[in-house]
Trainee: 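Got a structure for you, questions after.
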Amino acid sequence: FQSAARISPSVPRRNREARISHPGAQRSSKFLKDILTYLQPAAGHHKHEPKDAIVPHEYMLSIYRTYSAAEKLGLNASFFRSSKSANTITSFVDRGTDNLLHSPLRRQKYLFDVSTLSEKEELVGAELRIFRKAQGNAQKSGIYDIQLYPCRSDRQLNSRSLDPMDSATSGWEVLDVWDAFKAHRQHHYHQQQRHLCFQLRVTQGQTEVDLRQLGLDRSGRTQQEKAILVAYTRSKKRENLFNEMKEKIKSRRSVGEKEEKPRTRGFKGEGPRRRRR
Amino acid sequence: TALSNRHGKRHGKKSRSRCSKKPLHVNFKELGWDDWIIAPLGYEAYHCEGVCDFPLRSHLEPTNHAIIQTLMNSMDPYSTPPSCCVPTKLSPISILYTDSGNNVVYKQYEEMVVEQCGCR
């Protein structure tokens, strides 16, 4: 998948300057100037270096591939009904870790920073996708019950069965968390609660199972094997591509200010060289 | 009186193509957007170019206003400019990108590709 590669910015400097001096750019709004400034090499040090490259999950790549292929075939509107009429699908990568001191591993907390999801977007679906690694020594009897809870409540959100034979092969367990996500947004709208937290446990009969037995432990996972929370949203108004640019500029600016702060301390009237000293 | 010969071309004026869709390739890397757009690397956006002169063809789907303006322009080009050749139908494209929190997002952006041009 060629397009998935992240390429570091390498637009020649003279091309960028030429663009800035274009008469159209001179008439541009402050925002357009921001964009052009952002494109200049001086601001470039805030851009992601290749080492920070983000590896998209195969699920997101397959969504992109499928929907863009459908678009080319003109299957646009009808096709999107299958994805709950969403026009935006966001994946949040799990930030939780397993406590290695806990043996056996009975419960796991899955943590997602959902602060970037705009309140203007209507949430039309959400699912938690957890990768389960194949286990060679799987038990051959009894059905497992995968159960999901909010971290601060005992009210079960969702459950599904897992056949012991299935645990012999790797795969993704998908759990619907739409209601929980909706409730989180309603309750924490004004509190700006950043994280959404789920707790997972698996039982066989009445007994809680060691999650390692089922290949659910998270140590040594690659980026693509980490659990993701997938949010399906629909824009309430027509989307403007520049909204994303605005957000990027804002976040880069805040990173830049943090980096600049220590350097700007000093007496009034001092030049940059003196302040650095 | 229309100031054109039997081939529809104006006398003494350099002939320009009629309003139509022309190629326009967008390269996200050249825009400097490749640090947040994962895919596609670029796409064919097209653009509209050409003149909207009398008589307007039906496939250009002119508005009533454009018909009047074009007629007035044909009678006196100095008093009224020709109507504008602009996109009249656009289609969306899918974009996979990273948001400000470095989450991978798929979004379908409306009105990205010119499908049809017309006079407005």
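Chain naming here is simple, since letters A, B, ... match the order of the sequence lines and numbering starts at 1 in each.
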Trainee: To the nearest 0.5 Å, tell me how far B/Gln108 CD sits from A/Thr88 OG1.
Mentor: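 The CD atom of B/Gln108 sits 9.0 Å away from the OG1 atom of A/Thr88.
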Trainee: Tell me, yes or no, whether the heavy-atom count around A/Lys72 atom NZ, taken from other residues, nucleotides or ligands under 6.0 Å, exceeds 12.
Mentor: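 No, the 6.0 Å shell around NZ holds no more than 12 heavy atoms from other groups.
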Trainee: Would you name the heavy atoms of B/Ile38 and A/Pro56 that are closest together and state the gap between them?
Mentor: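 Heavy-atom minimum between the residues: CD1-CG, 3.9 Å.
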Trainee: What heavy-atom pair brings B/Tyr106 and A/Tyr67 nearest, and what distance separates the two atoms?
Mentor: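 What the structure gives for the nearest pair is OH-CB, 3.2 Å.
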Trainee: Could you tell me the separation between the CG atom of B/Leu96 and the OG atom of A/Ser91, rounded to the nearest 0.5 Å?
Mentor: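 Atom-to-atom, B/Leu96:CG and A/Ser91:OG are 8.0 Å apart.
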Trainee: Between A/Arg95 and B/Gly101, what is the shortest heavy-atom contact and its length?
Mentor: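 Heavy atoms of A/Arg95 and B/Gly101 come nearest at NH2-O, 4.2 Å.
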Trainee: What do you reckon, is NE2 of B/His65 surrounded by more than 12 foreign heavy atoms closer than 6.0 Å?
Mentor: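 For B/His65, atom NE2 is not crowded (no more than 12 foreign heavy atoms under 6.0 Å).
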Trainee: Only counting residues at least two apart or in another chain, list the ones meeting side-chain contact (heavy atoms from CB on, under 4.5 Å) with B/Leu71.
Mentor: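 Here the qualifying residues are B/Phe54, B/Ser74.
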Trainee: List the atom pairs, with distances to 0.1 Å, where a side-chain N or O of residues 39-46 of chain B and a protein N or O form a donor-acceptor pair under 3.5 Å, not counting sequence neighbours.
Mentor:
from, atom 1, to, atom 2, distance (Å)
B/Tyr43, OH, B/Met112, O, 3.1
B/Glu44, OE1, B/His25, ND1, 3.4
B/Glu44, OE2, B/Leu24, N, 3.2
B/Glu44, OE2, B/His25, N, 3.3

Trainee: Counting only heavy atoms from other residues, nucleotides and ligands, does the tally under 6.0 Å from NZ of B/Lys89 exceed 12?
Mentor: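 For B/Lys89, atom NZ is not crowded (no more than 12 foreign heavy atoms under 6.0 Å).
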Trainee: With rounding to the nearest 0.5 Å, note down the distance linking OG1 in A/Thr90 to OH in B/Tyr97.
Mentor: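 Taking OG1 in A/Thr90 and OH in B/Tyr97, the distance rounds to 6.5 Å.
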Trainee: Just checking, is any N or O donor in the side chain of A/Thr116 or B/Asn103 under 3.5 Å from an acceptor N or O on the other one?
Mentor: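 A donor-acceptor contact under 3.5 Å links the two side chains.
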